[in-house]
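Here is the structure we will look at, set down as structure tokens.
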Amino acid sequence: MKKIYCFVITLTGLLVVSMMIEVNADFFLTIDEQTWTTIDGLTHRHIVGSINRNGVVSNQNINYIAGNPVSDPTLQVIVGDGYQPFSYGMARMHIMAENLNNLYPHYDVIAGINGDFYNMQIGIPVEVYVRNGEVLSSGLSYERDVIGFKEDGTVVFGRPCFEGHEIRVYDAEGRLRFTLPVQRINHMPFETTQVTAFFENYTATIGTEMHKFVIAGSDIKRDSYDTRYFGKGTVTQRTTSTSEVPENSFVVVSDNPYMRELVEVGDTILVQEKIGCDFTGVQWAIGAWGKLVENSQAKTHIPEGPSVNFRGPRSAMGVKSDGTVFFVTVDGRQSHRGMDGVTLYELADIMAALGARTAYNLDGGGSTTMVLRQEISHPHYGHYPYVNSFSETAPRAVSNGIFFVRGEAPPTPLPHPLPDVGITLDAPSNIRIENGVLRWDHVPNQAGYVLELNGEAFETSSRQHPVGNLPSGENIIRVMTKGEAPFYRDSAFSEPLIHVVLPTSLPTIESLFRELARRHLTHE
Amino acid sequence: MKRIQLFLSFLGVFLLVACNPFAKPDTPLQSALDHVREARNYRVSIDIDMDFLTQHIDMRFAGDLVYYAYGDAVVYYERDGLRCYVYESLEGVYSRSEIVCDDAGNETYGFYRSFSADWFELEGSTYHLLNEHYQDFAAFFHQTMPQATVEDVVLTLKNDRLDTITFLLKVDEDTFTFSMTFSAYGQVDVTLPTVE
């Protein structure tokens, strides 16, 4: 069905020309042979030629695929992977493309390039990986840059902030009920409003009487350090009894009014790391390693990246000033076929030559693979052949990749309006003065207190306040508990505590009369 | 004749002494002040009012025994010959300890026992301290609070005895209204507490 959306304009041309592009005084790209193909709004260029950098000449086989998601609203850049539920994993790029088509039927994958570096045993990517708003991995290094794609087609680069875990609750129709921070993992909440989540590696019994929500996981992942988690699943049970974490499940514990009042069996719950700063609202994100082009200038100093000065197959992604996104593969390790490969500096020059304002290096070597969907007229339409010449005997299975897709995501259902479930907190009790210090008992779920001394109020987070310097006379003291909206409302003020401060001169006066009494006896 | 002259001389001297025009008149106030100065059995109740709170001092004098109460604290003093003792309570249990007994001579602590009738002016039925004697009155407080001032000192009598002394005492920002009531002349009985 989606094929009918594939309005394909294919223009194929074979240019056998010899032209030279001078990027700067030290770099020349000589194109001996170039193939241009336009497919479904994307431009594919296959360049055979050579580069001359600082007088060193090497033969190159370059593939370039570009599209502009800013000017073409149904063209998007997303990420895909070969992950399995409850683990990561690896897959070849054409399999990832097919996975994406199955996972997101509203999208039709056109082309893709391999993505982040990864652990070759389990496939976990080195950096953040966000797929359709779900933070499947928070990464392992936290020291490399990330490329993020927003729904409006804009691309962000850099290092995202991590704002702790969050929980998202959706009803059975996919409408967002609410989002809350998750304060702790595998630990009990400190306060009843807090939310914590227990995963399978917590093997003890959760003994609290607080509300527990057992979620049968559709996917659960965690990093190698057991510090960052991703969990998604369906609420199967609510209970206040003791509970353990069932297999392939996780348990959310909280007496938060939203959790208590709004979560129903059958809801979908997502627990994941929340990323922020420039990456707030990013729907898709993938890690990179090595900035190649900045402000349209090839970097002349690349402090980080894989084997910076060695030639090899390379993959890269760039963004032009007009919003065009393009993928580039440079094949290598096949010098006998005119594919010498490039250093990162040579790759940076190529990306700048191809028009990048910003460009990043992706995983390379045997991972360098680029796929492009067969044309609609092709008998194998829908297949994703590799357009580059991979350096190994077969395309390598990689962790994830970046893809151009055609289509529009269905509109996100409007979130549920948040009901007023705020609970009015109790006013502080047992207000007392001990040794010149005003104290009162802790009020659960408080977000602070308001202390009123003789009509003058001020907020405090402490449950004690020195009152040794109050004026003599009657001092009227009241305390209010602050509640954090929307879950809790402020209490009323407590009953007033009347604290009488005697004049400092009174004891002196009294001692005078006591002495008078004594001397009455002794003075004859 | 000489005997008559000698008799008349004696008579004159006698009349002169008996009818001394310079001797003080024995006024009710002076009589009352003289009485309280010599009294050894009476009670003084003191209310110290601070608007928001009234503190109370109760002093009872019974010969060689003194009862002194301030709030919940009660102290007793006893004179036994040349020795003096104080009885103080700690958590409800009284103990007795000897105190200085021979500090006679410091009249400042005599306070109302040092009053003289000519310090006061009768207005209606009350006696008001004359301005020139406020310093004399305040000397009692100046012993430990030199900044204290006293105002509106008024005495009343009842049955020819000192009945009340009222005044304002100002110390820094605080104003205390004093009301001292004298009563039970010759009727006070003080019983010492049991000492453990």
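All chains are named by letter (A, B, ...) in the order of the sequence lines, taking the proteins before the strands, and each is independently numbered beginning at 1.
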Whether the [X] and [Y] side chains hold a donor-acceptor pair (N or O, under 3.5 Å, no angle test) is what I'd like checked.
| X | Y | result |
| --- | --- | --- |
| A/Gln272 | A/Tyr229 | no |
| B/Tyr42 | A/His520 | yes |
| B/Asp49 | B/Thr54 | yes |
| B/Thr164 | B/Thr156 | yes |
| B/Tyr68 | A/Glu510 | yes |

Counting only heavy atoms closer than 4.5 Å, note whether [X] contacts chain A via side chain, backbone, both or neither.
| X | value |
| --- | --- |
| B/Val75 | side chain |
| B/Phe141 | both |
| B/Phe176 | side chain |
| B/Glu173 | neither |
| B/Phe178 | side chain |
| B/Ala73 | neither |
| B/Leu169 | side chain |

| B/Tyr85 six-ring centre to B/Arg79 NZ/CZ under 6.0 Å and within 45° of normal | no

